[in-house]
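In the text below, chain A, chain B and the rest are named by the order of the sequence lines, each starting its count at 1. These values consider heavy atoms only, across backbone and side chains, with no hydrogens, waters or symmetry-generated copies.
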Number of protein chains: 2
Amino acid sequence: MLESAARGLSRYGYGNLILERVASEAGYTRGALYHQFKDKEDLALAVIDWVDETWREEVGPLVDREPDPVVALIALARGHAVFCRRDVARVAMALRLEFSGQDHPVGRHLRRVSESLVKRCTRLITAGRRAGTIPAGPPARVIALAFIGAMEGAVLELAGQAPHDELLAARAAAGALGIDPDQPSIA
Amino acid sequence: MLESAARGLSRYGYGNLILERVASEAGYTRGALYHQFKDKEDLALAVIDWVDETWREEVGPLVDREPDPVVALIALARGHAVFCRRDVARVAMALRLEFSGQDHPVGRHLRRVSESLVKRCTRLITAGRRAGTIPAGPPARVIALAFIGAMEGAVLELAGQAPHDELLAARAAAGALGIDPDQPSIA
DNA sequence: AAGATAACATACACGCATGCATGTAGGTAC
DNA sequence: GTACCTACATGCATGCGTGTATGTTATCTT
């Protein structure tokens with residue numbers, strides 16, 4: 001059910017998501033859905049948490065095992081690209097776009113989840129700057145936002161076109177960081 | 001009315017767009033809207049054309065006046081970032097995400113319009129490769145998609161945070177192209 | 001000045017998705 | 001075997017947005 005809802009959310013967004021389809025695609029009826037989740041909002045929140053958890057399990061380790069901040073960030077971009085080959089992963093981008101500038105509970109929850117990724121990237125960027133591998137420039141948080149945006153945008157547009165998605169996500173992300181994409185850790 | 005609809009589309013997307021609000025925000029009622037446009041779809045199509053036209057007028061010249069393909073592409077990214085400071089510009093990204101993988105008339109029309117941008121970038125990339133300023137790699141069209149995605153993603157995430165948006169869009173775009181963001185035309 | 005037409009506003013019918021209330025089948029406890 | 005609970009399906013009421021038909025007012029034409 002969660003998987004079906006995630007697919008639906010990533011394809012149609014929250015407002016256009018029809019619970020009837022979510023349920024039937026999972027082999028159930030709407031009744032079953034309302035038995036498992038309080039309402040549509042509750043379902044969306046659960047999906048966000050589920051996707052976030054999956055992301056942490058799948059991409060997190062790739063980042064953590066790299067001691068060098070730049071290498072870690074590039075690994076993050078590559079891992080994200082691979083992660084996004086499952087359509088499920090567009091959920092974050094789709095919902096963020098849909099709820100940006102609004103005060104909807106789903107939007108708030110998504111922002112909270114995303115914020116932890118932004119913070120993670122910001123820390124890596126400041127670490128990279130201290131190490132001298134990331135050049136000075138705009139505030140680290142701004143760089144982090146651009147980093148995430150560029151990575152997600154590239155991945156979204158390539159729509160899982162393996163194997164180029166991985167390389168290009170890494171390159172776009174490296175560009176946002178201001179480092180040469182011709183480095184060994186990227187190419 | 002077009003401007004109000006563009007704001008609405010960029011904020012809420014097509015499905016969540018309420019024509020009542022579009023009209024009232026423009027100082028009219030829904031009656032006036034239905035007098036000027038056949039239906040909701042017709043309105044969205046008109047908005048797409050309007051935004052596209054504005055983009056061509058505003059960003060196009062910045063690209064055309066640069067003889068060097070790389071410089072032209074970076075100018076495109078910078079120009080796009082500036083263009084997107086008006087919320088109007090997210091229309092393309094919002095609708096593309098909403099209609100990707102669907103067969104809706106609005107989505108088709110948007111893809112036709114976007115395709116011309118992809119072609120333009122593809123041509124510039126192949127030109128840059130012939131000139132030796134853009135390294136070899138994945139097909140030019142794939143690079144073009146990543147280029148556009150990275151640029152739009154970065155701009156979207158930065159949400160008009162001038163002046164950083166311009167620099168970071170250029171950097172992310174340069175990264176997708178595989179060129180060093182430390183070049184004079186970018187920084 | 002009268003008729004026509006454009007530019008709106010108003011009011012209503014329809015479809016559709018949500019949420020909830022109710023019904024039902026299977027398992028478990030005692 | 002009866003009481004009860006879980007895991008669903010079914011059916012209905014409500015709200016909301018679209019589209020359209022019908023008014024109303026201004027502007028243009030001759």
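Summary of helix geometry: the two end axes of the helix from C:dA1-D:dT30 to C:dC30-D:dG1, each defined by five base pairs via their C1' atoms, are inclined to each other by 0° (rounded to 10°).
B:K40 contributes a side-chain N or O that, together with a main-chain N or O of B:L17, makes up a donor-acceptor pair within less than 3.5 Å. A donor-acceptor distance shorter than 3.5 angstrom exists from the side chain of B:D68 to the backbone of B:V71, with no hydrogens or angles considered. Here the side chain of B:T133 pairs a donor or acceptor atom with the backbone of B:G128 at under 3.5 angstrom.
When the shell of 6.0 Å around CZ of B:F83 is examined, it contains more than 12 heavy atoms from other residues, nucleotides or ligands.
Looking only at side-chain heavy atoms (C-beta outward), A:S24 and A:T29 stay at 4.5 Å or farther from each other. Contact check for A:C121 versus A:L73: side-chain heavy atoms found under the 4.5 Å cut-off. Side-chain contact between A:R86 and A:E58: present, with at least one pair of heavy atoms (C-beta onward) separated by less than 4.5 Å. Residues B:E115 and B:L110 fail the side-chain proximity criterion, which asks for heavy atoms closer than 4.5 Å.
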Review item, side-chain donor-acceptor pairs of residues 31-39 of chain A, under 3.5 Å, at least two apart:
unit_1: A:D39; atom_1: OD1; unit_2: A:E41; atom_2: N; d: 3.4
unit_1: A:D39; atom_1: OD1; unit_2: A:D42; atom_2: N; d: 2.9

For this session: Mark up nucleotides 24-29 of chain D, 5' to 3', with B wherever a protein heavy atom is under 4.0 angstrom from a base atom, S wherever such an atom reaches only the sugar-phosphate, and - elsewhere.
Result: ------
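For the pair A:E98 and B:R11, the salt-bridge criterion is not met [side-chain N within less than 4.0 Å of a carboxylate O]. We find that A:R90 and A:E152 are not joined by a salt bridge, their nearest charged nitrogen and carboxylate oxygen being 4.0 Å or further apart.
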For this session: Take B:R56 and B:S116 through the side chain to side chain donor-acceptor pair (under 3.5 Å) test and state the conclusion after the steps.
Result: CA-CA 11 Å; B:R56 283 173 198 279; B:S116 91; 3.0 Å; yes
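Listed by residue number, A:I18, A:L19, A:R30, A:Y34 are the residues of residues 18-35 of chain A with a heavy-atom contact under 4.0 Å to DNA chain C.
Atom NZ in B:K40 sits roughly 14 Å away from atom P in D:dT20 (whole-Å rounding). When the P atom of D:dA7 is taken as reference, atom CD of A:Q36 falls 8 Å away, rounded to whole Å. In this entry the distance linking CD of B:E41 with C1' of D:dT18 reads 13 Å, nearest Å.
Within the hydrophobic cluster formed by Ile, Leu, Val, Met, Phe, Trp and Tyr side chains joined at under 4.5 Å, directly or through other members, A:L156 is accompanied by A:M93, A:L97, B:M93, B:L97, B:L156.
Contact annotation for B:L17: backbone-only contact, meaning every heavy-atom pair under 4.0 Å involves sugar-phosphate atoms and none involves a base.
For DNA chain C, the outermost nucleotides in 5' to 3' order that have an atom under 4.0 Å from a heavy atom of chain A are C:dA17 to C:dC20.
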